[in-house]
Amino acid sequence: MAAPTFGPAGLLRQRIENGEQADLYLSADLAGPRRLAEAGKAKAVVPFARNTLCVLARADLGLTPDNLLDRLLKPDLRLATSTPGADPGGDYAQAIFERAEAVHPGAKAVLEKKALKLLGSPNAMVPMAGRSPSATVFLGNNADALLYYCSGQGGTMKEAPGLNLVRLPSNLSVPATYAMALITENPDAMRLALFLVSEKGQAILTRHELAPISGL
């Protein structure tokens, strides 16, 4: 089996669109895999997990679900996100900004202007040696808050003490559905795809803080 290639899902999709060979494409969204299928570059699209987005922030800011939007809109609060187009996390951030507009007119423009796209592109922030990108945001004092996936942030909080994880209120939250595109009929790729949606595969994903696909 060939070694897997990791990277921002939007950029990986572009490489496949430009002719790079792949057997199976996994993304943190449905849009990327569907785009490959619509272009005739994938045979099927299969959802395999779900996630949600949270705000990881310095604890001294006192962010809560109730005051979150008002605090994020403050001019002196530095908000980091991933990069739209290059990484689904950035696309989800943009969708949250659009929902914020319905709650607070003018919020979308403010959030888009202030968002520091520190993750998910070749020109983004370089992680500190031995540290995750999320932890580097805070250890390097690059931002005060990070809008990103909830999963895995417990590890970030261990790397960078003094942070709080704040879940988005229902009027801002957007669903994050992970999906894979089956590109070829490579037996190893097919076995991996089947494993991911199997009971055992779903249990492993759940242990890594992703929600199972039941109910999609």
Side-chain angles (χ1 to χ4, degrees), residues 1-54 81-98 117-127 132-134 146-153 155-156 173-216:
M1 177 182 288
T5 299
F6 298 98
L11 299 183
L12 293 177
R13 187 204 72 242
Q14 291 172 17
R15 288 164 58 176
I16 296 170
E17 290 173 333
N18 291 333
E20 188 165 330
Q21 296 299 305
D23 298 303
L24 184 65
Y25 167 72
L26 277 68
S27 180
D29 68 351
L30 274 166
R34 282 176 173 168
R35 180 166 166 172
L36 290 179
E38 290 166 359
K41 293 183 176 293
K43 300 177 182 300
V45 173
V46 182
F48 67 90
R50 293 178 296 164
N51 205 345
T52 53
L53 274 77
C54 291
T81 70
S82 194
T83 306
D87 179 65
D91 299 325
Y92 289 128
Q94 291 296 305
I96 290 167
F97 295 168
E98 291 177 4
K117 300 173 182 63
L118 300 182
L119 308 178
S121 78
N123 299 319
M125 173 198 69
V126 177
S132 68
S134 295
L146 170 65
L147 177 56
Y148 206 52
Y149 303 110
C150 296
S151 63
Q153 298 313 323
T156 303
S173 184
V174 297
T177 300
Y178 290 23
M180 53 186 154
L182 308 176
I183 297 173
T184 73
E185 296 180 358
N186 180 297
D188 290 332
M190 296 297 290
R191 279 192 288 271
L192 175 57
L194 290 172
F195 176 77
L196 287 173
V197 296
S198 71
E199 184 176 349
K200 186 175 182 180
Q202 291 286 290
I204 292 173
L205 293 173
T206 300
R207 287 201 296 272
H208 286 81
E209 303 176 15
L210 293 173
I213 58 172
S214 59
L216 283 176

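These numbers come from the heavy atoms of this one structure, side chains and all, not from hydrogens, waters or symmetry mates.
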Is the backbone of Ile213 close enough, under 3.5 Å, to the side chain of Tyr178 for a donor and an acceptor to pair up by distance?
no
So do the side chains of Val46 and Val197 get within less than 4.5 Å of each other, counting heavy atoms only?
yes
Can you list the steps and then say if Asp23 with Asp188 is a side-chain contact (heavy atoms from CB on, under 4.5 Å)?
CA-CA 9 Å; Asp23 298 303; Asp188 290 332; over 6 Å; no
Among pairs that include at least one residue of residues 27-48, which meet salt bridge (charged side-chain N to carboxylate O under 4.0 Å, His left out), considering only residues two or more places apart or in two chains?
Glu17-Arg35
Which pair of heavy atoms, one from Ala9 and one from Ala28, lies closest together, and at what distance?
CB-N, 4.5 Å
Rounded to the nearest 0.5 Å, what separates atom CD in Glu209 from atom OG1 in Thr52?
9.5 Å
Show your working on side-chain contact (heavy atoms from CB on, under 4.5 Å) between Tyr92 and Asn51 and close with a plain yes or no.
CA-CA 11 Å; Tyr92 289 128; Asn51 205 345; over 6 Å; no
What residues, two or more places apart in sequence or in another chain, satisfy side-chain hydrogen bond (donor to acceptor under 3.5 Å, both in side chains) together with Ser173?
none
Look up atom OG in Ser82 and atom NZ in Lys117, then write down how far apart they are to the nearest 0.5 Å.
10.0 Å
Step by step, would you call Arg15 with Thr5 a side-chain contact (heavy atoms from CB on, under 4.5 Å)?
CA-CA 11 Å; Arg15 288 164 58 176; Thr5 299; 3.9 Å; yes
Student check: side-chain heavy atoms of Tyr148 and Leu118 closer than 4.5 Å:
no
Look only at the side chain of Arg50 and the backbone of Pro212, and say whether a donor-acceptor pair between them is shorter than 3.5 Å.
yes
When you look at Ile16 and Ile183, which way does the side-chain contact (heavy atoms from CB on, under 4.5 Å) test go after all the steps?
CA-CA 10 Å; Ile16 296 170; Ile183 297 173; 3.9 Å; yes
Pairwise side-chain contact, Leu196 with Leu26, heavy-atom cut-off 4.5 Å (strictly under):
yes
Shortest non-hydrogen contact from Pro84 toward Asp91
CA-OD1, 3.4 Å
Please examine the side chains of Leu146 and Thr156, heavy atoms only from C-beta on, and report whether any two atoms are closer than 4.5 Å.
no
For the side chain of Gln153 and the backbone of Tyr149, is there at least one donor-acceptor N/O pair under 3.5 Å apart?
yes
Side-chain donor/acceptor of Glu20 to backbone N/O of Gln14, under 3.5 Å
no
Under 3.5 Å, is there a donor-acceptor pair between the side chain of Asp87 and the main chain of Thr83?
no
